[in-house]
Amino acid sequence: MLNWLQTLLGLDAAHPDAIPEALWQATLHRYPFLARLPAADLQQLRGLVSQFLRHKEFTGTHGLEVTDEMAVAIAAQACLPVLHLGLRLYDDFKGIVLHPGAMLAQRKTQDAAGVVHHYREALLGEAMLGGPVTLSWQDVAAAGHTAERGHNVVIHEFIHKIDMRDGAADGCPPLPSRAAHIAWHDTMQAAYSDFCERVSMAQRFGGETPWLDAYGATAPAEFFAVTGEAYFVNREHFTQEFPALTALFDQFFKPDQPLAQ
């Protein structure tokens, strides 16, 4: 399958040097938001990526061949949200499926009259509850250039996986207490309501287009994923737009006592 990954299986995956230096540096160059991490975080990320690659399986579709460079690129971005939380948040699945570009998914919906409508939806990625993560490689590869707008399809889908760990994609990750749930809900709901209003004003009345992807206004789960990707790839701009969410996400993604890996 992958030349270097086959070798990795025989190495100590917790050792950062399991990833060849040239491959690691090329990944950081391709995704500058990773390279901007503090040196200690980069070292930790490198080791976490090795562990991630040991336990996940990559599959290409439509003739797409998954290379070492592709696997490391995806793993590095996927591990960023759990850098201080540990990989156990991802232990409910194994497969990562790559499509060359956007994929068409069969969908159906029922209207108020009870009529079922079937349609196809173009997706850049999808995270299944208890199942695999599907990604468009075209959009993964472009992530180094879309960070300015806060976009990152890998982080988006892996935020969904974190969200789902308590059994539902509802915009709230697993939290340790009722008080933490209340604080999360109150902060997120206020930001979500305000964002939905801004999107509505832009789309219906020609108001200023929000910086954040309007897709975040479709549901609380999507708002968490969209804000989560922006938080990780363009923290400076995100903090200007959502200072309360920056503080909330810092508390969750950077706890004083990291969860065991």
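Hydrophobic clustering, with ILVMFWY side chains joined whenever heavy atoms are under 4.5 angstrom apart, keeps Met128 apart from Phe52. Taking hydrophobic clusters as Ile, Leu, Val, Met, Phe, Trp and Tyr residues chained together by side-chain heavy-atom distances below 4.5 Å, Ile159 does not share a cluster with Val97. A single hydrophobic cluster is seen to contain both Phe252 and Phe238, as judged by linkage of ILVMFWY side chains at heavy-atom distances under 4.5 Å, directly or through other members. Leu23 and Leu53 end up in the same hydrophobic cluster when Ile, Leu, Val, Met, Phe, Trp and Tyr side chains are linked at under 4.5 Å.
For the atom pair CG of Leu89 and CE of Met164, the computed distance is 13.5 Å after rounding to the nearest 0.5 Å. From His145, atom NE2 reaches atom OH of Tyr31 across 9.0 Å, with rounding to the nearest 0.5 Å. Distance check: Leu85 CG to Arg88 CZ gives 9.0 Å after rounding to the nearest 0.5 Å.
Both tests pass for Lys161 against the ring of Phe93: distance under 6.0 Å to the centre and angle within 45° of the axis.
Counting heavy atoms of neighbouring residues, nucleotides and ligands inside a 6.0 Å radius, atom NE2 of His185 does not exceed 12 of them. More than 12 non-hydrogen atoms from other residues, nucleotides or ligands lie less than 6.0 angstrom from NE2 of His181.
In summary, of the residues considered (Val154, Ile155, Ile162), a side chain to side chain contact (heavy atoms under 4.5 Å, CB included) with Phe158 occurs for Val154 alone. When Phe33, Phe242, Phe249 are each tested for a ring pair (Phe, Tyr, Trp, His ring centres under 6.0 Å) with Tyr231, only one passes: Phe249.
When atom types are taken as modelled, the side chain of Asn234 and the backbone of Glu148 share a donor-acceptor pair closer than 3.5 angstrom. Looking at Ser200, its side chain never comes within 3.5 Å of a backbone N or O of Cys196 through a donor-acceptor pair.
At a threshold of 4.0 Å, the pair Arg198-Glu241 counts as salt-bridged, since one of the basic side-chain nitrogens sits closer than that to a carboxylate oxygen. With respect to the salt-bridge test (charged N to carboxylate O, under 4.0 angstrom), the residues Asp41 and Lys254 do not qualify. Ion pairing of Arg36 with Glu236 is absent here, as no side-chain N (NZ or NE/NH1/NH2) approaches a carboxylate O to less than 4.0 Å. Between Asp91 and Lys56 there is no salt bridge, since none of the side-chain N atoms of the basic residue sits less than 4.0 Å from a carboxylate O of the acidic one.
When every heavy atom of Ala230 is checked against every heavy atom of Leu212, the shortest pair comes out as CB-CD1, 3.6 Å. Between His99 and Thr134, the shortest heavy-atom contact is CD2-CG2, 3.4 Å.
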> Given the rule in the side-chain contact (heavy atoms from CB on, under 4.5 Å) test, do Ile74 and Val140 qualify, once you have shown the distances and angles that lead to the verdict?
Replying inline: CA-CA 7 Å; Ile74 292 167; Val140 175; 3.8 Å; yes
> Given the rule in the ring-ring contact (aromatic ring centres under 6.0 Å, His included) test, do Phe224 and Trp184 qualify, once you have shown the distances and angles that lead to the verdict?
Replying inline: CA-CA 11 Å; Phe224 180 27; Trp184 182 279; 5.3 Å; yes
>> Test side-chain contact (heavy atoms from CB on, under 4.5 Å) on Leu87 and Cys79; report intermediate values, then the result.
In response: CA-CA 8 Å; Leu87 289 176; Cys79 288; 4.1 Å; yes
>> Between Arg235 and Asp250, does the side-chain contact (heavy atoms from CB on, under 4.5 Å) criterion hold? Intermediate values first, please.
In response: CA-CA 11 Å; Arg235 179 187 174 92; Asp250 280 347; 2.8 Å; yes
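Relative ring orientation between Tyr192 and Phe223 is described as tilted, the plane-to-plane angle lying within the 30° to 60° band.
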